[in-house]
**Q** 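Below is a structure I'd like to ask you about.
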Amino acid sequence: MAWTREQMAERAAKELRDGFYVNLGIGIPTLVSNYIPEGMSVQLQSENGMLGMGPFPFEGEEDPDLINAGKQTITELPTTSYFSSSDSFGMVRGGHINLSILGAMQVAENGDLANWMIPGKMVKGMGGAMDLVAGVKRVVVVMEHVAKGKDGSEAPKLLAECDLPLTGTHVVDMVITDLGVFTIDKKGNGGMTLVELADGVTEDEIRAKTQGAFTTRLA
Amino acid sequence: MAWTREQMAERAAKELRDGFYVNLGIGIPTLVSNYIPEGMSVQLQSENGMLGMGPFPFEGEEDPDLINAGKQTITELPTTSYFSSSDSFGMVRGGHINLSILGAMQVAENGDLANWMIPGKMVKGMGGAMDLVAGVKRVVVVMEHVAKGKDGSEAPKLLAECDLPLTGTHVVDMVITDLGVFTIDKKGNGGMTLVELADGVTEDEIRAKTQGAFTTRLA
Amino acid sequence: MKKVRNDATEALAGLLKDGMTVMAGGFGLCGIPDELIDAIRESGVKDLTVISNNAGIDGVGLGKLLETRQVAKMISSYVGENKEFARQYLGGELAIEFNPQGTLAERIRAGGAGIPAFFTKTGVGTLIAEGKEVREFDGESYVMERGLFADLAIVHAWKGDTEGNLVYRKTARNFNPMMATAAKVTVAQVEHLVQPGEIDGDAVHTPGIFIKRMIHVAIREKRIEQRTTRTRGEPAIPPAAV
Amino acid sequence: MKKVRNDATEALAGLLKDGMTVMAGGFGLCGIPDELIDAIRESGVKDLTVISNNAGIDGVGLGKLLETRQVAKMISSYVGENKEFARQYLGGELAIEFNPQGTLAERIRAGGAGIPAFFTKTGVGTLIAEGKEVREFDGESYVMERGLFADLAIVHAWKGDTEGNLVYRKTARNFNPMMATAAKVTVAQVEHLVQPGEIDGDAVHTPGIFIKRMIHVAIREKRIEQRTTRTRGEPAIPPAAV
């Protein structure tokens, strides 16, 4: 049984620590905020210029001046501060954000990440993704283990080398997929290591669906 | 009759224009604020982080959190804004200040300026002087025409080349001394031009006390 | 030296010319100088290079200048929400230079602060670094990026006094403060126009020195791009935090 | 994650070691983190490199660390007001690296913002540019300067909430905001300690993310370096403005 989106988010939430400042990407990473343990102080950064992001507003209370980086209406908290985009990315590049959790199209065994463009398709832009992966201390990717084509084909996303244009090189510390969890020694020579299996998933199944090399060290 | 300090300041004030943002150095330049014409809006910048500097406070109303770049107690105005030193010098370097009026030890005919150190003497530092002369659009120097030694000797300060360590190269647009006014084509080849004489001062007297080359074009 | 003008058209009078570079504040539709954009549209000025994080949506914000084909080039980080944009871009009618969002923000900040170039680790080893100097500092690689400076910047603020001191509101701040510093002329639209002294000097986000002209805009209904809500009584749904 | 500590000694516990680099906010005696400086003095830590625009005056502010010879090197823009400083400097006991004030401010801002180096026109053609790369951009020369990042930054704020969000007062802001961003650990002293929610998010100068520890300091009489006043009824004497 592969993990559901919620279970992947719940697993990612285990990477949070008390006092952390965290940037969450759109999609499954956004769900991580549902699993912040009670009593743990975690402040969410929104790279358009806010620290201390609160939940969605109640209907009728949306404020057009208060949106997150996904352009969704949100709310503020007692801890909230606002700042300019240059201050926001100074915070990001300067290594002040403890953790970034984001989605990916491809991750390579050396920590390279691709998640912003597919050649031949309309390019929408990288937004803040390149800054986040380059600047945030620890980068956790949450994604499906394989990409499913419309014809039912499956293409591996954990690769020896990314073939899509890169968002960053040597940037990913951990990958959480629906099948398991990998760590990556992004700045060293330790490569990729499988450290956890989703319930009922076997190492053989993962090996069959992973193109990149990895060693296994299950807890 | 050479100009007094007050007359030099009054002459410098003629360089002000309505709507100008101006940085005044210590000494005679500070006096310029006394001669801002009625009805003209001139906002003074203090490079420690303030725009819209007001006059000295009344006795007993000094605020230790409100000082200018000379570390003197001052007051605020309705137009006042405060900012960090990095924002302040961003304003300076970015060319947003219209005019800087400051003192000098030496000025060369090409616009070079020396006003921060004398070799062999205790060096106190340049403070914001190098940033101001490099960044402000127009730089006006107000200084005595010659340096008077303790023994009564006189050394010219308007030179072919500065021999003191420089504060900036090709930075001075105008020099106002007690004897007259010079313009300098700081970025071009026009050199230095004598454009005004203090009352009763002759061109010959100025020529005798000026080491740098200049042409004369009196109005 | 009066900075306040009667309307957007008057505020932009004499400032617009074909082929110029314009910075426009805002993130998505949040904090965009919409009345000034409308006046640029009405002026008919064309071949614009527009520096803005996004390109508006169809018929809203910068989307209006795309409809009339007044924009020749965009410098942006993300332009996903605009069909007309996609059509012109894929048809080769519109050029785009993508910048990482933080690099874009820093390039603008640098341009306004007299910094012609700086190094950043963002984009090293990617398409973004191609053709740019890459240099090592303390064992890590960085790419050199240039400052940006425009002919005109248009910004939106919540409050402004007649001296041009501005205060932004919540995430409508975004790119507006840097853009205000990074153009030959900056024009601001403010929702609340007040007299000097009504804004505390410690609360000013953009000092008046950066603002050459300004207008007071009527409070209009602001557009929301992604209306997300939660239901009363249910637990907070994402993005929730402690 | 409690940031508030009982006193300066507790706030600095475990952070001090000989030979470390410390940034200290303030301009002159305005906005200096005096209680944290006192605690550094009491700790006896030595061979410090101190990054601060000025060096205090004799017996006040950083002057206290000079008296006890805890400082090996200063990185400053102006140090004119300190006799003990002059004595140690002329005697070769103290090293100093002078930076133009704007370059110093920008180096600190860069260090905190992940910018390892940038170009500025300040100091081109002077002693300051010697040994540094000078490069032309668009026909003008600029010198390359490096970012600064310290082991510890100590800052003074007027108000702070327990999350570490800070507000500075008037010109006591100066170097404090950049320094707060440019060190492995930043410790703040605040005159008024409040609860989260008591500071408007739009009014925060330094977001709490930058502050690791903080203390509430008693209101003491602040020292004034140059007491300048005018007499009632007389016209404003300099520096007067409209």
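The figures that follow rest on heavy atoms only: side chains count, while hydrogens, waters and symmetry mates do not. Chain letters run A, B, ... following the sequence lines, proteins first, then strands; residues in each count from 1.
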**Q** Identify the heavy atoms of D:Pro207 and A:Phe83 that sit nearest to each other, and give their distance.
**A** CG-CD2, 3.6 Å

**Q** Quick check on the structure: residues of residues 94-101 of chain A within a heavy-atom distance below 4.5 Å of chain D, by number.
**A** A:Gly94, A:His96, A:Ile97

**Q** Atom NZ of residue position D:Lys46 - does it have more than 12 heavy atoms of other residues, nucleotides or ligands inside 6.0 Å?
**A** no

**Q** Within a reach of under 6.0 Å around CD of A:Glu61, are more than 12 heavy atoms found that belong to other residues, nucleotides or ligands?
**A** yes

**Q** Looking at A:Lys124, I want to see if its NZ is surrounded by more than 12 non-hydrogen atoms of other residues, nucleotides or ligands under 6.0 Å.
**A** no

**Q** With a sphere of 6.0 Å drawn around CD1 of D:Ile96, does it hold more than 12 non-hydrogen atoms of other residues, nucleotides or ligands?
**A** yes

**Q** I'd like to know whether CD of A:Glu6 has more than 12 heavy-atom contacts from other residues, nucleotides or ligands below 6.0 angstrom.
**A** yes

**Q** Report, by ascending residue number, the residues of residues 111-121 of chain A in heavy-atom contact with chain D at a distance under 4.5 Å; give 'none' if the set is empty.
**A** none

**Q** Any chance you could measure D:Asp202, atom CG, to A:Thr80, atom OG1, to the nearest 0.5 Å?
**A** 10.0 Å

**Q** Yes or no on side chain to side chain contact (heavy atoms under 4.5 Å, CB included) for D:Ile209 and A:Gln43, after CA distance, side-chain angles and deciding distance?
**A** CA-CA 9 Å; D:Ile209 190 171; A:Gln43 297 291 322; over 6 Å; no

**Q** Check whether D:Asn165 gets within reach of chain A through its side chain, its backbone, both or neither, counting any heavy atom under 4.5 Å.
**A** side chain

**Q** Rounded to the nearest 0.5 Å, what separation is found between the OG atom of A:Ser41 and the CD atom of D:Glu163?
**A** 6.0 Å

**Q** Give, for atom OG1 of D:Thr181 and atom CG of A:Asp87, the distance between the pair rounded to the nearest 0.5 Å.
**A** 9.0 Å

